[in-house]
Amino acid sequence: MNIASIIVDVPAKQTDKPFDYLIPEQYKEIIVPGVRVNVPFGPRNIQGFVTGLKTESNFKKLKSIAEPLDLNPVLNPELLELGDWLTEHSLCYKISAFQAMLPAALKAKYEKKLILAPKAAFNDLPEEVRHLFAGGKEAKWEEAVEQGLIDTLKKVAARGLVEVVYQVKDRVRRKKLRHISPIVDQSVMKSQLDQLAANAKGQRVLIEYFLQHPEPVELRALLSSLSISQASVKGLVKKGILREQDLEVYRDPYEAREFQRKEALQLTSAQKDAIEPVLSSINEDRHEVFLLYGVTGSGKTEIYLQSIQKVLSKGQEAIVLVPEISLTPQMVKRFKERFGDLVAVMHSGLSAGEKYDEWRKIQRREVKVVVGARSAIFAPFENLGIIIIDEEHETSYKQEENPRYHARDVAIQRGLTHRCPVVLGSATPSLESFARAQKGVYTLLSLPERMNQQPLPKVELVDMREELRQGNRSMFSSLLFEKLQDRLEKGEQTVLFLNKRGHSSFVMCRDCGYVINCPNCDITLTYHRHKEQMKCHYCGFEDIVPAVCPECASEHIRYFGTGTQKVEEELNKLLPEARVIRMDVDTTGRKGSHEKLLNAFQEGAADILLGTQMIAKGLDFPNITLVGVLSADTMLHLPDFRSSEKTFQLLTQVSGRAGRHELPGEVVIQTYTPEHYSIELAGSQDFDRFYQQEMVARKVHKYPPFYYLSLITVSHEELMKAVSITEKITRFIASRLSQEAVILGPVASPIPRINNRYRYQCLIKYKKEPELKSALKAILDHYQQESASSTLQISMDLNPYILM
Ligand code: ADP
Ligand code: ZN
Ligand code: ZN
C-alpha cells in the first residue's frame, strides 16, 4: 500500500479523476483515505484529498506526496462515498463535492499548527517531541516535518494529546484565553506548601487547588472561584510552580446564555400516534422517510425532541436542519434546554472560525446533536440515528451553486446508509413531498390541531380593486387602517408584511386585477422597464405593454411594486404617533441586527413591525394581535411555476404570526386577486384543497411532481455564441430523449446578461429519461476545452428551484 489515489484541487474535467502518488515512507501511517495532502502538480504544489490506497499503478513515473495536511482524516469513508454520490447526482466535480462537505476554514489559505489538546498536560508528551511545544506554546508543523517527527506525533494524537489546527491567515483566529496550570509534580507542590510564608494565603489556596485539579484552568475563572488576587498567581509563576499559557477556548456563540434543562413533555394522544412509527423505525434500525404534517404550534418540535432523545439513548447521533431565517435563538434554546452541551449549532451568522469550532466538536465526538442550516447535513457523524428537516418546503434547502444539491436528497441518501429515519416536517409541505406521502413513498404523520386548542386567527381578504373604486388610493385598505388605529389605541402590536420578491416586475390592471400572462405557458410576463416590454422567460414570447387593460379597457394598467421604505413613509404620514420598526435587507445587514430589532419589538419598543420575508417566521410574541399583508399578489406573478405554492405557503405562515397566545389574532390580507385559489385557500388555511387544485395545474402544465425538470444555462461574452451553442445543445438533447420529454428553448434567460455575459437557456421537462444524465455529461465533455478558456460557461441544474 505505498500508492495513494488523490483527487486534486483543480476543478476541471481532465482532473476530475484520482491521480496516483507515491507515499513517502515517513508518512505511511498518516496517509489514509480522507486525509488532505499537498502534492506536486505541474509546476506547483496543490491540495488534494486521498480517496484510496493501492499497491500498483498503471503509471510508471509517479511523483511523491509532498506532505500530509491532516493527522486524522477530515472526511470519513461514508462522506467520501457521499462525495461520489453527490458528483453523480448533481454533475459537479469531485473536488467541489468534497469541499462542500467541509467548513470554509478548511478550504481557505491556512496556517497549520500543532497544539496541546485542552485536557492534556505538557508532561504527558513523550520526551522526543516536548521541545516542539517549548514553553507550552504551539508547535510549528514545518518544524515537526523537518525533524521527522510527524509519525510520532500521529501516535501522540491518537492518544488525544495533541491536535492539528488550521488557522486561516488573518481571518479565523481561534479564541484564546490565559490559562494557569502546574508545571511541577505533586511532591514538589506539597513541599512548596510547607515552605510558604504564613501570610501567603492566596498561594496556599492555589497550590491546594492544583493538588486536586492539575489540569489547566482559565485565569479569570480561577481568580473568581478561589477569591484570590492575580498577584498570588504571579508569585507562584515566578517560583516556577505554575505556568501561564494562552489556550484555545471554543467561540461558543451561545456561551453567555444560561439554558435551564427541561424535561420531555407528556405527549398528547395525537403526538403519540405520530411519534410511534418514528420510534419503531429508530428501534429497528430501519430507514424510512416520514412527512410530519401539522400546523405551526401543533407540537412537531416536541416530536423531534423526543425522537432525538430515543436516538441518544441508543448511543447514536442526530442532525436537525432548520431554514437559515428560523434558526433563531428561540429555536436553538429549545434544543439546548433539552440536550445541553450535546448540541452544536451551525448557521451562516457564525464567523468562519465559529463554524470551524462547531465542526470540530462533532469531529471530536463532543456533541451528539447538530442544529443547523443546509450545509449541516454534512456533519461528520458516524453513527446517525435520525435526520430531521423542519419546514421542509423551504427552497433554501437547495444550494444554488456547485454542487447544486438539495439537502432533502442528501438526507435521504445518508439515511439509507445509516439505516435511520428521515423526518420532514411542515405546516405547508412542498407539493413534491406531499405527493410522495400520498403515494406511500413517504409515511404521512399528521398533527391536525394546535397544542393550546387556540383557534387559528380570523383571516379577512380585502379586494384592493374595490378600494380603488371607492377612491382609496393609499396602500392601506380602510379595513386594515381601522384595525391599525384600533391596535394603537389598545397598545397591542401589529406586524405588516410586504412581499418584496417580484418587485416592479409584472403588469397588472388596478381596476380589475387582470395580470398579463404568456399565451403559451400560463406564466406571468415579466415587465422590462428599459424597453417598455413584457416578456416570457420560459418560451421567449414578447409583447409591448398595452395602453389599456385587455380585459376591462381601463387605463389603470401598470407595472407593480412597492418597497418597505415607501410603506414606512406612508405610515409616518398617516399615523405619526405610531412607532415603527422596519426590517429588510437594508436594516438587517449587520451581524446580530436581526435579533436586536426583534428583541426591541418584543420588548414593546414599537407598535408596528414592518418587513419582508424575513419576518414571516419564528415570531412568537404574545402581544401581536394583528397581521397585515399589504399585497398578497406580488409573488403570485413571478415567472415561476411554483409561484402559487410559494404564495400559499407564505400567506399561511404570515397568518400564523397572530394570536399565538391568550389574545385572539386577526389577519388582513390585501389583494387584487381574491379569487385566485392560492389566496382564497390561504385565507381559509385549507392546505388540503390547495394541494388538490395545485396538483391539477401542475399536471396540465407538466411540472413537478408530475414531471422532473432540468435547466441548462449557457453564458458567453458574445450573444451569437450563446445562442448558437444553446441551439446545438437543445438539438443534441432532443435527439437523445424520448418523445415524451418536453424541451423549452433555446430562450434568453430571465436575466439575459450578467457581467456582460449573455445567458441563454433550455428547460427540459421529463418523466423517465435514462439517457438524460449521460447526454448532459457528454455536453459538458464536449465543451470542456472552450469552458476552460473561460469564454463559455455551461451550468446544469437537475431539479432547479430558481429558474432565472
Ligand atoms: P410546532 O413545532 O409544530 O410549531 P411545538 O412543538 O413548538 O409545535 O409546540 C407548540 C407549543 O406547545 C410549544 O410551546 C410547546 O412547548 C407546547 N407543547 C408541545 N407538545 C406539548 C405537550 N405534549 N404538552 C404540553 N405542551 C406541549
Ligand atoms: Zn382591467
Ligand atoms: Zn411563454
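Every number for a ligand or one of its atoms is a count from 1 in the order of the listing. In this text the structure is predicted, and so the values were computed from the model without any measurement.
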With atoms numbered from 1 as shown, which atoms in ligand 1 lie under 4.0 angstrom from a non-hydrogen atom of Gln266?
-> 22 (C), 23 (N), 24 (N)
Compute the minimum heavy-atom distance from Leu447 to ligand 1 and say whether it is under 4.0 Å.
-> no
Give every donor-acceptor pair under 3.5 Å between a side-chain atom in residues 437-445 and any protein atom, sequence neighbours left out.
unit_1	atom_1	unit_2	atom_2	d
Tyr442	OH	Arg436	NH1	3.0
Thr443	OG1	Glu288	OE2	2.6

For Thr268, atoms of ligand 1 separated by under 4.0 Å from a heavy atom = 23 (N)
Tell me, please, whether Tyr677 has Arg689 positioned over its six-membered ring: NZ or CZ under 6.0 Å from the ring centre and within 45 degrees of its axis?
-> no
Hey, can you tell me if Tyr691 and Phe434 have their rings parallel, tilted or perpendicular (30° and 60° cut-offs)?
-> perpendicular
Residues two or more places apart in sequence or in another chain: which of them pass side-chain contact (heavy atoms from CB on, under 4.5 Å) with Arg414?
-> Glu78, Leu79, Leu82, Ile319, Leu384, Ile387, Val410, His418
Leu265 to ligand 1: N or O pair under 3.5 Å?
-> no
With atoms numbered from 1 as shown, which atoms in ligand 1 lie under 4.0 angstrom from a non-hydrogen atom of Val295?
-> 3 (O)
Any N or O of Thr301 that comes nearer than 3.5 Å to an N or O of ligand 1?
-> yes
Taking the six-membered ring for Trp, are Tyr405 and Phe378 parallel (under 30°), tilted (30 to 60°) or perpendicular (over 60°)?
-> perpendicular
Test item, Gly294 contacting ligand 1 (heavy atom, 4.0 angstrom) = no
Could you tell me whether Arg698 and Glu645 have a side-chain N and a carboxylate O separated by less than 4.0 Å?
-> yes
